[in-house]
Amino acid sequence: DILSIAHEHDIDLEGKHLFEGRCQLADLCDPGACEGSVACSTCHVILSPEHYDLLPEPEDDENDMLDMAFGLTDTSRLGCQVK
Ligand code: FES
């Protein structure tokens, strides 16, 4: 998944949920905080429309978490769920 690949390559997903220099998720600021159990939105990524369209639709639990993601867009996904 995207979250694992980002970790393997030291790519920091942090910042997607920063607003005016403050983390919007308080102590859940660590990207991948729930380790892929769809219980946070710290792995939020925004895909290009072309890549988004290649993927199956998000499951309901992913959509529920995405609703809480800061800066949600039409092509947002949870990085831990994109295989
Ligand atoms: Fe928590 Fe992806 S790491 S939902």
Side-chain angles (χ1 to χ4, degrees):
D1 59 66
I2 287 178
L3 178 63
S4 302
I5 293 169
H7 280 167
E8 282 172 23
H9 295 273
D10 287 328
I11 296 169
D12 193 0
L13 297 184
E14 190 174 8
K16 299 290 185 195
H17 47 90
L18 288 177
F19 181 67
E20 293 180 351
R22 280 188 307 117
C23 179
Q24 298 300 293
L25 299 168
D27 54 346
L28 281 182
C29 201
D30 179 31
C34 79
E35 299 179 347
S37 60
V38 198
C40 71
S41 57
T42 58
C43 62
H44 175 209
V45 294
I46 299 171
L47 305 177
S48 69
E50 295 77 19
H51 288 102
Y52 185 91
D53 289 343
L54 293 172
L55 299 170
E57 290 291 313
E59 301 286 336
D60 287 346
D61 55 351
E62 183 180 351
N63 276 325
D64 289 346
M65 274 301 138
L66 278 170
D67 284 343
M68 292 189 267
F70 178 72
L72 185 68
T73 75
D74 288 343
T75 61
S76 288
R77 293 294 303 263
L78 294 181
C80 69
Q81 299 303 301
V82 177
K83 312 278 188 221

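Keep in mind that the numbers below use all heavy atoms, side chains included, and drop hydrogens, waters and symmetry copies. Counting starts at 1 for both ligands and their atoms, following the listed order.
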C34 backbone or side-chain N/O/S under 2.8 Å from atom 2 (Fe) of ligand 1:
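Short answer: no, not a single N, O or S atom is under the cut-off.
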T75: which residues meet the side-chain contact (heavy atoms from CB on, under 4.5 Å) condition with it, sequence neighbours left out?
I46, P49, Y52, T73
Run the numbers for me: atoms of ligand 1, each under 4.0 Å from some heavy atom of [X], listed by number.
X	answer
L3	3 (S)
V38	4 (S)
G36	3 (S)

On a heavy-atom basis, the closest approach of A39 and C34 is N-SG, 3.2 Å
Does C40 put an N, O or S atom under 2.8 Å from atom 1 (Fe) of ligand 1?
yes
Atom 1 (Fe) of ligand 1 to nearest N/O/S of C80 less than 2.8 Å:
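Checking C80: none of its N, O or S atoms is under 2.8 Å.
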Side chain to side chain contact (heavy atoms under 4.5 Å, CB included) partner of L47, chosen from D53, I2, D74:
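Going through the options one by one, the only one that passes is I2.
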Between S41 and H44, is there a side-chain donor-acceptor contact under 3.5 Å, judged purely by atom types and distance?
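Distance-only check fails for H44 and S41.
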Output side-chain donor-acceptor pairs under 3.5 Å for residues 54-64, partner residues at least two apart or in another chain, one line each.
{"from": "E62", "atom 1": "OE1", "to": "R77", "atom 2": "NH2", "distance (Å)": "3.0"}
{"from": "E62", "atom 1": "OE2", "to": "R77", "atom 2": "NE", "distance (Å)": "2.8"}
{"from": "E62", "atom 1": "OE2", "to": "L78", "atom 2": "N", "distance (Å)": "2.9"}

